[in-house]
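Let me begin by presenting the structure, written as structure tokens, before commenting on it.
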There are 2 protein chains.
Amino acid sequence: MEAPVTRELAEWTVGLTGSDIPETVRAEGVRTFVNWLGCAVGGSSHETVDRALAAVRPFSGEKRAQIIARDVRLDELHAALVNGISSHVLDYDDTHLKTIIHPAGPVASAILAVAESRNVSGADFLTALVTGVEVECRIGNSVYPDHYDRGWHITGTAGVFGAAAATGRLLGLDARQMTWAYGIAATQSSGFREMFGTMCKSFHPGRAAQNGAMAAFLAAAGFDSSERAIEAPRGFANVMSTKQDYTEILGGLGKTWEAALNSYKPFACGIVIHPTIDGCQQLREKLGDRVRSIRSVALRTHPLVLELTGKRTPSTGLEGKFSVYHAAATALLRGDGSPTAFTDEIVRDGEIIALRDKVTAEADGTVHEDAVHIRVTFEDGSTTDLHVEHAIGSLSRPLSDTEISRKFSRQSEPVLGESPTAALLEAAWALESLDDVSALARLSAASN
Amino acid sequence: MEAPVTRELAEWTVGLTGSDIPETVRAEGVRTFVNWLGCAVGGSSHETVDRALAAVRPFSGEKRAQIIARDVRLDELHAALVNGISSHVLDYDDTHLKTIIHPAGPVASAILAVAESRNVSGADFLTALVTGVEVECRIGNSVYPDHYDRGWHITGTAGVFGAAAATGRLLGLDARQMTWAYGIAATQSSGFREMFGTMCKSFHPGRAAQNGAMAAFLAAAGFDSSERAIEAPRGFANVMSTKQDYTEILGGLGKTWEAALNSYKPFACGIVIHPTIDGCQQLREKLGDRVRSIRSVALRTHPLVLELTGKRTPSTGLEGKFSVYHAAATALLRGDGSPTAFTDEIVRDGEIIALRDKVTAEADGTVHEDAVHIRVTFEDGSTTDLHVEHAIGSLSRPLSDTEISRKFSRQSEPVLGESPTAALLEAAWALESLDDVSALARLSAASN
């Protein structure tokens, strides 16, 4: 019989206090929150969110929770769903690089909604957020990569545990109830990678937030479950993975922190193009107007770049995210790697297309995944070389707080306007000192 | 590339008309419905339902749907959840024997709730029900037994497709929307066998009903999905099973009917004890008062009976369901195999215990799973033998309509009372002729 993994994890989850989390980890938690909130604002007007809202509004209970950057309130569980969709729909959110989990979506979406009507302090909220992220990433580690390789979208499948953990803390579950909450979460774990490229991709973190939160509410009402849902022969790890390494869940719990290893995308596309965009932005800074007299751009990249993003002639914004040629051209001409670099309009822009067609890429197995070599040749035959060793946003070159703020503002200002953006951003960074996080939820409304 | 399984199934689902379903299959659909409704009434006051209701009521939207045999109304999606739990919580519902799917729970729970405020005729309701059952059983067949053996509770994992199909018909989805609905259903497919013996077991059909219905509402709002969710390399069948036989889904579609193969449990316990209860009930009829002068009862059964239900001294009602000795004694002394045969009280009854201790069982590999040999020896040394070749409730000896009615009344009368039970039962059998099934929903309320 396996050690009682689920039970021990539950005991840790409910026993933790805020001061058990090191300052550096709490600080990373705040960065996770600010980045998540900016992405949720940025994605809030996406068609995917419109359609989800149209479908679920008629089923909402009492409207106690804010839909971020919209003029809509729903019950907590539906708000968790919709905000989870908003925060992931642009593929611009955070990444736990070891597992490719996008940790904040399932967790923060659940607890901001739940906290709003429950008088939760910023400090308690942050503790719940860090705990939830820690739980989902550790559970992810225990089954990655086999689980992901089989076809599971791990942000959904592991995320539901994170949402249950964080919500369970806000509801004050005891250890037994938390064990049940993990069981009820486990038995809802779902989401296929087949859904990538459809609206269901962002549905996964949204639904994980909603289902994990619901698991906590059910457990609080005494709805019971297996107490070995993670490790049982017919439980999560054995049914959904060929790898089960429970030391990844219990080993060093409370000592080493996966939540400290979160990273934030500087660019709104798959992570393999990030070195190229980073390098081309640096070249633009250096070259100024000379970007208009480029004859050719030669990239030498990790082979995965061409495999995943080798689209030569993208015709939509979404396809643009899978074209390293488009990304290079847009970074050189506009300096942009944000969502505005991947609209239908920009992909069809004549100047971008002209430069895009001058970009070539060569796969080189000796180039690391977060590196790139770029050679620009000008019309006069002269050349400039640039080597990116570690792309911005990687763990070796994390986004600074200022860069996270800039990313936030760039997403939020077109949606909420300048002054509300500044107020929301300030409140988000001040998370730990807030008496009641409902103030934040109010600031995130479309009209405030 | 596989044939477009999901798409072809969706086209069939939306293209079918009521007259495409043979009369015999429609009649089996009515039996499925009556049996389901009786079980939902019978399970409605279970503690599992109480706790689920306590947890979800605060999140209910406008109260458009009846919770069966309670004085509560919720929005359609929450009603689907709760009624799905009620109908399965006593382990007394229907069984598609090839896959061990309990088909009605996910499908009927979804559409009775959705139909209530939409003016749906009984005939259209029945067409949706049969379609949903057909879809979930065919998808189940395509992955059974590998999928079940891996640990998936197939009533949840396949049931969500049935709920999506049936709800999609009521909402009038077109083929593309139905394809999306199947995708949104697929990516929520979940539920572990590890949950057996806990409240989460009946949560599975409830949640499948709710999630499948939600998938249809999302698809109706244009929320898109993969259009190959069942057959894609990273879709349902490949991720959740090692067996994928799509001819089970598309072969003979509309010609052969899995929905015609539904069966109805005569007794509220695991199907392996059913021959013993059946035989002991027959003996009681034959023996009358002589059951009080029994010296011993010797059973010769299929080996699985002892493996699964060999508990000698059960101390709770739930344990009683796993004791062939208790079941035999109760059937002989009370003639009972219904839920009242498996209460804590009856398991602790002195007379039952005394007879239970006189029962012995011998495993015999030559005895078929739905058969039993019983020898009763009396205090005077005389003996009586009985051989059950096919237990009642098996496909060879299906419950008659009268027996289904008796099962219904026995569950419903203690909950709703005699006269409301009779009215509800009459309306249920008359399903096809109802102008509006909301009449049925109203009759199922606790106070009517």
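No experiment lies behind these values; they were computed from the predicted model shown. Labels below follow one simple rule: chain letters A, B, ... track the order of the sequence lines, proteins then strands, and each chain is numbered from 1.
- Atoms CG and CZ, on A/D149 and B/R234 in that order, are 7.5 Å from each other to the nearest 0.5 Å.
- Both the backbone and the side chain of A/T48 come within less than 4.5 Å of a heavy atom of chain B.
- The nearest pair of heavy atoms linking A/S189 to B/S190 is O-CB, 3.6 Å.
- More than 12 heavy atoms of other residues, nucleotides or ligands sit less than 6.0 Å from atom CZ of B/R73.
- Of the listed residues (B/D50, B/D75, B/L74, B/L77), the one with the most heavy-atom contacts under 4.5 Å to chain A is B/L77.
- Side-chain contact between B/R207 and A/N211 is present, with heavy atoms from C-beta onward closer than 4.5 Å.
- B/V239 and A/W152 get closest at one heavy-atom pair: CG1-CE2, 3.4 Å.
- For the residue pair B/M195 and A/A229, the shortest heavy atom distance occurs at CE-CB, 3.7 Å.
- Residues B/M199 and A/G222 approach most closely at SD-O, 3.9 Å, considering heavy atoms.
- Contact annotation for B/S225: both backbone and side-chain heavy atoms come within less than 4.5 Å of a heavy atom of chain A.
- The line from SG of A/C200 to CZ of B/F223 is 5.5 Å long, rounded to the nearest 0.5 Å.
- Distance check, rounded to the nearest 0.5 Å: CZ of A/F203 to CD of B/Q188 gives 4.0 Å.
- Contacts of A/H153 with chain B are absent, with no heavy-atom separation under 4.5 Å from either backbone or side chain.
- With hydrogens and angles ignored, the 3.5 Å screen pairs a side-chain donor or acceptor of B/T187 with a backbone N or O of A/F192.
- Looking at B/R64, only its side chain comes within 4.5 Å of chain A, counting heavy atoms on both sides.
- Going from atom CG of B/L218 over to atom CG of A/L81 covers 7.5 Å, rounded to the nearest 0.5 Å.
- For B/A219, no part sits under 4.5 Å from any heavy atom of chain A, backbone or side chain.
- Atoms OG1 and CD, from B/T198 and A/E227 in turn, are 9.5 Å apart once rounded to the nearest 0.5 Å.
- Side-chain contact between A/V56 and B/M214 is present, with heavy atoms from C-beta onward closer than 4.5 Å.
- For CZ of A/R118, the number of neighbouring non-hydrogen atoms (other residues, nucleotides, ligands) closer than 6.0 Å is greater than 12.
- Between chain A and the options B/A220, B/G197, B/A55, heavy-atom pairs under 4.5 Å are most frequent for B/A55.
- Both the backbone and the side chain of B/A52 come within contact range of chain A, with heavy atoms under 4.5 Å apart.
- Heavy-atom distances place both the backbone and the side chain of B/R150 under 4.5 Å from chain A.
- Highest contact tally toward chain B, considering only A/G183, A/G156, A/P233, A/A186, is held by A/A186 [criterion: heavy-atom pairs under 4.5 Å].
- Considering only heavy-atom pairs separated by less than 4.5 Å from chain A, the leading option among B/M240, B/R57, B/E62, B/H78 is B/M240.
- B/E194 contributes atom CD, which lies 13.5 Å from atom CZ of A/F236 (distance to the nearest 0.5 angstrom).
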